[in-house]
Amino acid sequence: MTEAVKKDSNDVLEQQTPNYICGVAVSLEIIGGKWKGVILWHLCHKTLRFSQLRRRLQGVTQKMLTQQLRELERDQLVNRKVYAEVPPRVEYSLTDLGRTLEPTLRQLCDWGKNFHDQHR
């Protein structure tokens with residue numbers, strides 16, 4: 001890659017990468033939203049197919065689940081494995097990086113249960 005191309009790609013990267021002042025902001029950018037945390041939580045327990053995930057996430061549309069899985073895959077938290085079968089089979093699992101979120105997700109789960117029990 002030439003220096004000019006490197007410089008241009010670095011400029012684009014710098015323009016697209018927000019400057020965060022807090023690690024919480026970075027974390028929420030990656031796993032925030034209504035579905036990503038729940039998807040990650042289910043994948044902590046086992047590898048799942050798309051349809052299995054969709055059944056576990058009541059109310060998620062196919063389009064939204066696809067989008068969220070693509071973002072998690074892009075951020076290297078989820079692995080997508082396609083099997084050359086008819087009909088095609090696709091399985092999702094956590095990457096090694098995704099597995100590092102397990103303790104945090106467990107704490108969030110416990111906190112949510114306690115909050116719900118105390119404030120319902």
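In this chain, numbering begins with 1 at the start of the sequence shown.
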Say you draw a straight line from [atom1] of [X] to [atom2] of [Y]; how long is it, rounded to the nearest 0.5 Å?
| X | Y | atom1 | atom2 | result |
| --- | --- | --- | --- | --- |
| N114 | C109 | CG | SG | 9.5 Å |
| M64 | Q62 | CE | CD | 12.5 Å |
| L97 | D75 | CG | CG | 9.0 Å |
| L48 | R54 | CG | CZ | 15.0 Å |
| L69 | I39 | CG | CD1 | 4.5 Å |
| L72 | Q67 | CG | CD | 10.5 Å |

Side-chain contact test, heavy atoms from C-beta onward, threshold under 4.5 Å: evaluate it for Y92 versus T47 and give yes or no.
-> no

Would you indicate whether the side-chain heavy atoms of L94 and C44 approach each other to under 4.5 Å?
->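 Yes - at least one pair of side-chain heavy atoms lies under 4.5 Å apart.
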
Check the hydrophobic clustering (I, L, V, M, F, W, Y; side-chain heavy atoms under 4.5 Å; chains of links allowed) and say if [X] and [Y] are grouped together.
| X | Y | answer |
| --- | --- | --- |
| V82 | V78 | yes |
| L40 | V90 | yes |
| Y83 | L53 | no |
| L28 | W35 | no |

E102 and R99 ion-paired at < 4.0 Å |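 The answer is yes: the pair qualifies as a salt bridge.
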
Do side-chain atoms of [X] reach the backbone of [Y] as a donor and acceptor pair under 3.5 angstrom?
| X | Y | value |
| --- | --- | --- |
| T95 | Q76 | yes |
| Q68 | L65 | no |
| H116 | G112 | no |

State, to 0.1 Å, how close E85 and R89 come at their nearest heavy-atom pair, and which atoms those are.
-> OE2-NH2, 3.0 Å

Between H45 and W41, how do the two ring planes meet: parallel, tilted or perpendicular, split at 30° and 60°?
-> perpendicular

Mark yes when over 12 heavy atoms from residues, nucleotides or ligands other than D110 sit less than 6.0 Å from its CG; otherwise mark no.
->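 Above 12, so yes.
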
Qualifying residue, where the test is side-chain contact (heavy atoms from CB on, under 4.5 Å) with V38 and the options are K34, H42, K36 |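 In the set K34, H42, K36, the residue that makes a side-chain contact (heavy atoms from CB on, under 4.5 Å) with V38 is H42.
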
